[in-house]
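Heavy atoms only: backbone and side chains are in, while hydrogens, waters and symmetry mates are out. Protein chains get the first letters and strands the later ones, always in sequence-line order, with residue 1 at the start of each.
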Protein chains: 2
Amino acid sequence: MVASRAGVSTATVSLVANGKTHGRVSEDNISRVRQAIAELGYVVDSVGSSLAKGVSSIVILVAPDISNPFFAKVIEGVRESLGSDFQLLLSVTEAGELPRADDIRRLSALRPAGLLVDAPDAAFLENLSSTGPLVLLDAPGLEAYAPSVNLDVASGARELAAHLAGSGHRRVAYLDSVTGTATFAIRRTAFLQAAAALGMSVDPANRIGTTIDVGAAAEAFAAAWPQWQQAGVSAVVCATDTHAYGVLQEARVAGLRIPAELAVAGFDDLPYSATSNPGLTSVHLPAAQLGLKAGEQLRGLIEGRTLERPQLTLESTLVVRGSTDRAAGGHSGLR
Amino acid sequence: MVASRAGVSTATVSLVANGKTHGRVSEDNISRVRQAIAELGYVVDSVGSSLAKGVSSIVILVAPDISNPFFAKVIEGVRESLGSDFQLLLSVTEAGELPRADDIRRLSALRPAGLLVDAPDAAFLENLSSTGPLVLLDAPGLEAYAPSVNLDVASGARELAAHLAGSGHRRVAYLDSVTGTATFAIRRTAFLQAAAALGMSVDPANRIGTTIDVGAAAEAFAAAWPQWQQAGVSAVVCATDTHAYGVLQEARVAGLRIPAELAVAGFDDLPYSATSNPGLTSVHLPAAQLGLKAGEQLRGLIEGRTLERPQLTLESTLVVRGSTDRAAGGHSGLR
DNA sequence: CTGAAAGCGCTTACAG
DNA sequence: CTGAAAGCGCTTACAG
C-alpha cells in the first residue's frame, strides 16, 4: 500500500481512512496520513475492504419499475439519506419484474451493506434468504417481513371522495389497475367506502380495469363511456394518473367538457399532471419522502441501531386541479 | 470452503466453478464437485473472487436520465447482451447529471468488469480516469474517447423532411431542446438542411427552444403560435416527442385540427406516441438495439477481443402516424 | 499510540 | 489431473 510510504504502517493508514482514530492514533500521524492520502489520491479499495469486513458499502435498491417518474423521486430521496457513505446501485430487472431467486443470490454475493426493496410481493420476500439489513418500500400488508415505509393512500382516497361529493357528484365510475399490487386494492376500497358514506354510488357495473398504460386506459374508457353516460356518471376516479391520461385523451377526442360534463381524478400526482390541460386532480404521494425515510431506516439498521419505529406511514394529500374543479384553473391555453 | 468437503481441494472447486476444467480436471471430479455445489446451493463469493482476480463481475451503467421510457428500452438491450455473467448495476445520480469525479473513483474502487456510459459530455470523459473496458452510448462526436454505439438521427430527420415536403408543407416551425447535447444539434441541422433542399422554409424566427418538458413546450408553443400561424406555418417539428406532447396538448385546447391545420412530428418514438390521439409521427430510435450493441461491444472488450468495428451507428426510421397524415389514422375516439 | 500478523474467500502459477 | 501455497488489498484483534 503506497500510502503507507508516508511514514506509518498499513494498520495505521486503515485506522485513519476509516475514521477509527479515537484514542488509537496520534494527531501527528493522523495528519501525516491524511496528507499522504490526499497527495496520492488514494481511495480505499472497496473489494479488499469488503472482504476483510465481510460487508461492502453497496446498497442495492431493488424495484420492479424503474422507468417511472414517480420512482425517480423515490431514488432522489434514497440518495439524499444515504449520502456518499454508500454506493447506491439499482438492480435492473425486466420491466415490471422483481429479481428471481438466483439474481438475488448473486446480488447477495456482492455483500451489500443493505437492501431496499420497492413494491415487493410476499413470494419474493419468502425467497429472499438475505440476512442483512433490509427495508421495504410501499409494501402494505408485508410489514411482518421487515421494517417498511408505506404510503397512506387511503387518507388521500377519502379526501378525494369528500372533494367529489362536495362538488355535487352522485354517480362515479372507477377505472382500476389490473395488477394485483396491494396499493390498488387499498385505493379502491378506501375510495368506495368513503364514497358510500358520503352518498355517492359507484355501481359495480361502472368499475373497469386495465394495465397501467395510457392507450389501454383510453380504449377501455372509450368502450365504457356510452354506458356510464347513460347511467348518469359525472366523475371517474382512476387508480393511477397514467390511467387518467388515457381518459383525458379520449374525452378530448369526444369533445367532452372537463370537468363540466365529466370530472377526472387519479392517484400518484405525476409531474405531467400539473402541466396537463386541464391539470389533473390527483392524490399526491410523497415519493421523495418515501425514499428518504427508507434510506434513513436502512442506515439505522446498518449501523446496528434498533429502530424506534420500524413501521412508518407517510400521508397522502389531495391536489385539486382543473380536471375536477373549474375554479382551480391551471393555464388556459392559447393567449 | 464447505464445497471442498465433497472430496477435492478448493483449487479444483474453483476450477470447476469457473469452467476452466478443460484438460485440468477429471470428469469424475467435475461431476462430484458439480453435485456438491448444487446440494449446498453454493454461489462463488464475488468479493473474494474479485479480489483474487483483480476485477469483479459488475458492469456499471452510468446515465444522466434513467427515468425515461426510452432509457428503459436501452437497459433491456444491455441486459440481454450481458446475460447473467455480469451484474448490471445502474449508477444513480441526480436527475440529468453525470456522476462527479469522486463518484467515479468510488465506482472504480468496485473494480467493475466494465463501464457503459450513456450520453456523456467531453468534460466527463476527460475526468474519467478509469482504465477498464468502456463503451459509450449515444455520444456523437466523442468517438475519440472510446468505442461507441451511436444513433443515426440524421437519416430519420431527412426522412421526416421528405415526408412533410411530400405532404405539401412549405413553411415549417422547429421546436428545439435547449440542452446542449450533440444529438439535438444533429437533429436540427439534418432536418433544416434536408428541408431547404426540398424547398421548405424554416424561418429562423420560427425556431424556438425549451427544456424537455411537456409544460414548458406547451407554453412556448402557445406563445409562438399566433406568429407562426400568421407566417403560414403548417407543420411543426419537435426535437423530442416530449416537446411534441406539449404542442398537441395546446393545439387541442385551441381547437386546432391536427393534422389539417397543423402537422406535428417529434423524435424518439416514445411508447405514448403510438397511443396518443392522434398518434404522433416520430423518428424512431432503436433504443433496445442501442443497449444490445453496446453490451456486446463491452463484452468483447472485457473478453480481451479487439473490436472489429469499434464505432457502430444504428439507423433511425420515420414512423408516420395521424399527427401528420390523416390516412395514417390511429384509433379514432369514442365508438 | 503503534506495528507485525492473521485472516476475509477466492484464484492461479507451481510442483508433483 | 491434483493439491499445497502464495497472494489479491484490506481490517482487526493482539502484543508491545
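Nucleic acid contact for A:Val47: none, since no nucleic acid atom lies under 4.0 Å from a heavy atom of the residue.
Inspection of the B:Thr179 and B:Thr181 side chains reveals an N or O donor paired with an N or O acceptor under 3.5 Å. No side-chain donor from either of A:Ser46 and A:Ser49 sits under 3.5 Å from a side-chain acceptor of the other.
Considering only the side chain of A:Val44, D:dC10 comes nearest among D:dC10, C:dC10, D:dC1. Checked against C:dG9, D:dT2, C:dC1, the side chain of B:Asn29 finds its nearest nucleotide in D:dT2. Of all nucleotides listed (D:dG3, C:dG9, D:dT2), C:dG9 comes nearest to the side chain of A:Leu51.
When the salt bridge (Lys or Arg N to Asp or Glu O under 4.0 Å) test is applied to A:Arg105, no partner is found at least two apart in sequence or on another chain. Every residue two or more places apart in sequence or in another chain was checked for a salt bridge (Lys or Arg N to Asp or Glu O under 4.0 Å) with B:Glu308, and none qualifies. Scanning for salt bridge (Lys or Arg N to Asp or Glu O under 4.0 Å) contacts around A:Asp118 gives an empty result, with sequence neighbours left out. Not counting sequence neighbours, A:Arg79 has no partner by the salt bridge (Lys or Arg N to Asp or Glu O under 4.0 Å) test.
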For nucleotides 12-16 of chain D, give me every protein contact, N/O to N/O, under 3.5 Å, one pair per line with atom names.
{"unit_1": "D:dT12", "atom_1": "OP1", "unit_2": "A:Lys20", "atom_2": "NZ", "d": "3.4"}
{"unit_1": "D:dT12", "atom_1": "OP2", "unit_2": "A:Lys20", "atom_2": "NZ", "d": "3.0"}

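The CG-C1' distance, from B:Asp28 to D:dC1, rounds to 11 Å in whole Å. Atoms CZ (B:Arg32) and C1' (D:dC1) sit 13 Å apart, rounded to a whole Å. Atom CG in A:Asp45 sits about 6 Å away from atom C1' in D:dG9, given to the nearest Å. Residue A:His22 contributes atom NE2, which lies 13 Å from atom C1' of C:dC1 at whole-angstrom precision. Rounded to whole angstrom, the span from the CG atom of A:Leu110 across to the P atom of C:dC10 amounts to 14 Å.
A:Glu143 CD: more than 12 foreign heavy atoms inside a 6.0 Å radius.
An OP1 or OP2 oxygen of C:dC1 is reached within less than 4.0 angstrom by no side-chain nitrogen or oxygen of A:Ser26. At C:dT11, one or more side-chain N or O atoms of B:Ser49 fall inside 4.0 Å of OP1 or OP2 (strictly under the cut-off). Side-chain N/O atoms of B:Tyr42 include none lying less than 4.0 angstrom from OP1 or OP2 on C:dG9.
Judged purely by atom type and a 3.5 angstrom limit, A:Gln297 has no side-chain atom pairing as donor or acceptor with the backbone of A:Gly295.
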Completion exercise
Dot-bracket for DNA chain C, 5' to 3', Watson-Crick and G-U pairs with both distances under 3.5 Å, [ ] for crossing pairs, | for partner on another strand, reads |||.||||||||.|||

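Taking a cutoff of 4.0 Å between a charged side-chain nitrogen and a carboxylate oxygen, B:Lys293 and B:Glu296 qualify as a salt bridge.
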